[in-house]
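These notes are about the structure you will find just below.
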Amino acid sequence: MPKQEPIFFDTDNLACFLWVDNRAILPLLFPGRIFVSEQVEKEVIKVPYLRSRFEILQTHGAIKSISIEMDTPEEEEYYKLIDTSDRSKKIIGAGEASCMVLAKFRNGIIASNNTIDIHDYCVANNIKQIKTGDILQLACKKKFITEEDCEKLWQEMLAAGRWLTAPTYKEYIKNNPCVDFL
């Protein structure tokens with residue numbers, strides 16, 4: 001079996017599953033591959049509702065926290081990405097930037113719904129990206145949940161204020177074929 005890349009979850013993607021209390025999908029699909037940067041962890045635990053659910057996954061070893069190594073090219077790249085002194089440059093949040101850097105330097109995949117801010121970086125650095133819809137499609141394909149379950153979860157995520165790229169799961173899969181690299 002080929003080595004499976006680590007998956008670095010951004011706050012928005014991870015929060016989708018934490019808000020609807022469907023945390024089981026992630027460890028079932030990606031055992032030992034779910035990583036969050038310390039920046040993402042800080043963003044998630046600010047919300048008490050998400051914090052308790054996050055800590056359960058962490059306690060059971062389903063999520064591993066990871067830091068950007070200090071005094072390395074990782075750290076240098078991270079600070080370049082979050083630097084706001086160049087007003088012509090797109091502003092990248094700390095969580096997104098940490099995922100981008102970790103995926104680049106540690107040969108991983110980014111789990112993020114933020115396609116606009118990270119797309120160019122991912123393309124330039126040959127980084128694969130998955131969105132919440134991709135995760136649901138994979139869970140359905142592996143028969144962990146049904147298509148009806150996916151639609152229900154999608155609607156719950158939207159109701160919880162999560163930003164997704166389509167108004168329905170059905171519309172998402174119509175426009176986004178299931179990723180084949182997971």
Side-chain angles (χ1 to χ4, degrees), residues 6-70 74-75 78-79 81-84 90-103 106 108-119 121-122 127 129-140 144-145 149-169 172 182:
I7 303 172
F8 299 100
F9 278 77
D10 191 2
T11 305
D12 64 333
N13 195 300
L14 181 60
C16 283
F17 295 94
L18 296 175
W19 274 113
V20 300
D21 198 21
N22 199 316
R23 302 162 294 202
I25 290 174
L26 299 179
L28 281 170
L29 288 173
F30 312 120
R33 299 174 64 194
I34 303 169
F35 293 88
V36 295
S37 67
E38 65 181 271
Q39 293 83 354
V40 168
E41 182 174 351
K42 285 178 186 176
E43 291 173 6
V44 169
I45 65 174
K46 283 181 188 176
V47 181
Y49 185 76
L50 299 181
R51 179 187 195 133
S52 61
R53 293 172 176 197
F54 176 82
E55 288 173 346
I56 290 168
L57 287 171
Q58 211 173 27
T59 300
H60 288 90
I63 290 180
K64 296 176 189 106
S65 295
I66 192 166
S67 298
I68 292 172
E69 298 289 327
M70 296 186 62
E74 281 182 359
E75 183 183 45
Y78 171 74
Y79 283 112
L81 287 171
I82 62 168
D83 179 18
T84 58
K90 188 182 300 186
I91 295 175
I92 304 291
E96 294 155 343
S98 64
C99 288
M100 292 159 60
V101 167
L102 289 167
R106 302 194 190 186
I109 296 168
I110 297 176
S112 176
N113 297 329
N114 187 345
T115 54
I116 295 169
D117 290 345
I118 71 171
H119 176 76
Y121 186 89
C122 288
I127 299 170
Q129 180 186 355
I130 58 172
K131 299 180 284 293
T132 297
D134 300 323
I135 294 169
L136 291 174
Q137 281 187 73
L138 186 59
C140 190
F144 294 152
I145 56 178
D149 294 331
C150 291
E151 188 65 58
K152 182 177 181 271
L153 288 169
W154 192 271
Q155 294 309 314
E156 289 176 14
M157 290 172 186
L158 288 173
R162 305 315 316 152
W163 182 84
L164 299 170
T165 56
T168 65
Y169 173 73
Y172 179 84
L182 293 169

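Computed from a predicted structure; not experimentally measured.
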4.5 Å side-chain heavy-atom contact, [X] and [Y]:
| X | Y | value |
| --- | --- | --- |
| F8 | R106 | yes |
| L138 | F30 | yes |
| F17 | R53 | no |
| V36 | V44 | no |

Identify the two heavy atoms, one from [X] and one from [Y], that lie closest to each other, and give their separation to 0.1 Å.
| X | Y | result |
| --- | --- | --- |
| A103 | I110 | CB-CG1, 3.6 Å |
| G93 | I82 | O-CG2, 4.2 Å |
| L164 | C16 | CD2-SG, 3.9 Å |
| I7 | I130 | CG2-CD1, 4.1 Å |
| P27 | L57 | CG-CD2, 4.0 Å |
| I145 | C150 | CD1-SG, 3.5 Å |

To the nearest 0.5 Å, how far apart are [atom1] in [X] and [atom2] in [Y]?
| X | Y | atom1 | atom2 | value |
| --- | --- | --- | --- | --- |
| L136 | M157 | CG | CE | 5.0 Å |
| K42 | S65 | NZ | OG | 11.0 Å |
| Y78 | S37 | OH | OG | 7.5 Å |
| F9 | F54 | CZ | CZ | 11.5 Å |

Is there a donor-acceptor contact under 3.5 Å from the side chain of [X] to the main chain of [Y]?
| X | Y | result |
| --- | --- | --- |
| D10 | C99 | no |
| E74 | I68 | no |
| W154 | A166 | yes |
| E43 | G95 | yes |

Q155: partners by side-chain hydrogen bond (donor to acceptor under 3.5 Å, both in side chains), with sequence neighbours left out: E151
side-chain hydrogen bond (donor to acceptor under 3.5 Å, both in side chains) partners for N114, two or more places apart: E96, D117
Where at least one partner belongs to residues 54-63, residue pairs that pass salt bridge (Lys or Arg N to Asp or Glu O under 4.0 Å), sequence neighbours excluded: R51-E55
Residues in salt bridge (Lys or Arg N to Asp or Glu O under 4.0 Å) contact with K152, at least two apart in sequence or another chain: E156
Set of salt bridge (Lys or Arg N to Asp or Glu O under 4.0 Å) partners for E75, sequence neighbours left out: none
K64 atom NZ, neighbour heavy-atom count above 12 within 6.0 Å: yes
Exceeds 12 heavy-atom contacts within 6.0 angstrom, atom OH of Y79: no
Non-neighbouring partners of Y121 that pass ring-ring contact (aromatic ring centres under 6.0 Å, His included), sequence neighbours left out: none
Option among L18, I63, I34 that satisfies the side chain to side chain contact (heavy atoms under 4.5 Å, CB included) test with L26: I34
Option from I127, V40, I66 for which side chain to side chain contact (heavy atoms under 4.5 Å, CB included) with L102 holds: I66
Test applied, side-chain hydrogen bond (donor to acceptor under 3.5 Å, both in side chains); reference residue, T132; option that passes from N113, D12, T165: N113
Distance-only donor-acceptor check, side chains E38 and S98, under 3.5 Å: no
